[in-house]
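Since the model is a prediction, treat every value here as computed from it, not as a measurement. We're numbering straight along the sequence, starting at 1.
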Amino acid sequence: GDEILRVAENNEVTPHRRSDKLSTDSASSTDVLIDVIETFPSVDFCLLQPTSPLRQCGQIKHSFSLYQRHSSTCLVSVCELDHPIQWSGTLSSSGELIGLDLSSTLSQDIAKRYRLNGAIYWRNTRDFLETTQLVTERPLAFEMTRESSVDIDEFVDFKLAEQLLLR
C-alpha cells in the first residue's frame, strides 16, 4: 500500500488511499468511485481495473480520444467473443444443455458478438453520480484484442497473462 502510494507520488499522480471499509473483497467499484469522486471532483474519470495487466498505454490514450471525439458519457473496452453466443446455454438440474441455437452451424455465418473485457471504462462524473451505473445502456465501445483483454479472475487467467507477457 505505502509503496504504491510512493510510486504514484514520484510519478506526479495524486494518490488516494481507500478506507478499510472500501478495501475489502466485497467493496463495490461504484462505492470506491464515489469515494474518489468526493475527494477529487472532476468532469470525467477513467477506471482501469488492476485485473487487466495486458492493457497498454496506447489503448488508454486511443480510447480517451474516441471518448472525447464522440462526446460520449460512457465508453467501455470490449473484445470479440471467442465462440458464438448461440453455442452456449444453461445446464438443467438433470445435466442437459438448454438454450442452444443451432440454426446456423457455421461460425462465419453468425454475427460477431462482443463482451466487456474490464480493462478500460471512461465515464462522465455527473452522469455517473446521477445514475450510479458504471456502464450505461448503450455505451460507446472500444475494441481490444483478446490477447490484451485477459482479465485475471482465476489462477488459469494469471498463467495465461504470464505466458503472454513472457512472449
Interatomic distance, Thr90 atom OG1 to Glu96 atom CD [nearest 0.5 angstrom]:
10.5 Å
How many angstroms lie between atom OG of Ser72 and atom CZ of Arg138, to the nearest 0.5 angstrom?
11.5 Å
Are there over 12 heavy-atom neighbours, none belonging to Arg115, within less than 6.0 Å of that residue's CZ?
yes
Quick one: do the Ser28 and Thr30 side chains pair a donor with an acceptor below 3.5 Å?
no
Side-chain (Asn10) to main-chain (Arg6) donor-acceptor, under 3.5 angstrom:
yes
Same cluster or not: Leu47 versus Ile34, using hydrophobic residues (I, L, V, M, F, W, Y) connected whenever any side-chain heavy atoms lie under 4.5 Å apart?
yes
Separation between OG1 (Thr125) and CD (Glu130), nearest 0.5 Å, reads 11.0 Å
So that I know where these two stand, are Phe45 and Phe40 an aromatic pair - ring centroids less than 6.0 Å apart?
no
Ala27 backbone acceptor or donor facing Thr24 side chain under 3.5 Å:
yes
Is it true that, when you exclude His70 itself, more than 12 heavy atoms of the residues, nucleotides or ligands shown sit nearer than 6.0 Å to its NE2?
yes
Could you measure the distance from the CD atom of Gln59 to the CD atom of Glu143? Nearest 0.5 Å is fine.
11.0 Å
Test side-chain contact (heavy atoms from CB on, under 4.5 Å) applied to Arg18 and Val32, step by step:
CA-CA 8 Å; Arg18 292 188 204 181; Val32 171; 3.9 Å; yes
Summary of side chain to side chain donor-acceptor pair (under 3.5 Å) pairs that have at least one residue in residues 156-167, sequence neighbours excluded
Lys159-Glu162
ILVMFWY network linking Val156 to Phe158, side-chain heavy atoms under 4.5 angstrom:
no
How does the hydrophobic cluster around Ile85 look, that is, which other residues are in it when side-chain heavy atoms under 4.5 Å mark a link?
Leu81
Rounded to the nearest 0.5 Å, what separates atom CZ in Arg146 from atom OG in Ser148?
11.0 Å
Joint hydrophobic cluster, Leu102 plus Leu97, side-chain heavy atoms closer than 4.5 Å:
yes
Honestly curious: do Ile110 and Val78 fall in one hydrophobic cluster under the side-chain, below-4.5 Å linking rule?
no
Heavy-atom side-chain proximity of Val150 to Leu164 below 4.5 angstrom
yes
Is any side-chain heavy atom of Ser149 closer than 4.5 Å to a side-chain heavy atom of Asp151?
no
Gln49 vs Ser29 side-chain heavy atoms within contact, under 4.5 Å
yes
Using a 4.5 Å cut-off on heavy atoms from C-beta on, say whether the side chain of Thr136 contacts that of Arg123.
yes
First locate atom CG of Asp127, then atom SG of Cys74, and finally report the distance between them rounded to the nearest 0.5 Å.
8.0 Å
Non-hydrogen side-chain atoms of Thr73 and Phe128 separated by less than 4.5 Å
no
Heavy-atom count check: over 12 atoms from other residues, nucleotides or ligands less than 6.0 Å from Ile4 CD1?
no
hydrophobic_cluster_shared for Leu129 and Val36, side chain cutoff 4.5 Å:
no
Is it the case that the side chain of Thr39 and the backbone of Asp35 share a donor-acceptor pair, with hydrogens and angles ignored and the cut-off at 3.5 Å?
yes
More than 12 heavy atoms of other groups within 6.0 Å of Tyr114 OH
yes
Is Trp122 isolated, or which residues cluster with it under the ILVMFWY side-chain rule of less than 4.5 Å, directly or via members?
Leu48, Ile60, Phe64, Leu66, Tyr67, Leu75, Ile120, Leu140, Phe142, Met144
Can a donor-acceptor pair be found, under 3.5 Å and without considering hydrogens, that links the side chain of Asn11 to the backbone of Val13?
no
Ser23 side chain to Asp20 side chain, donor-acceptor N/O pair below 3.5 angstrom
no
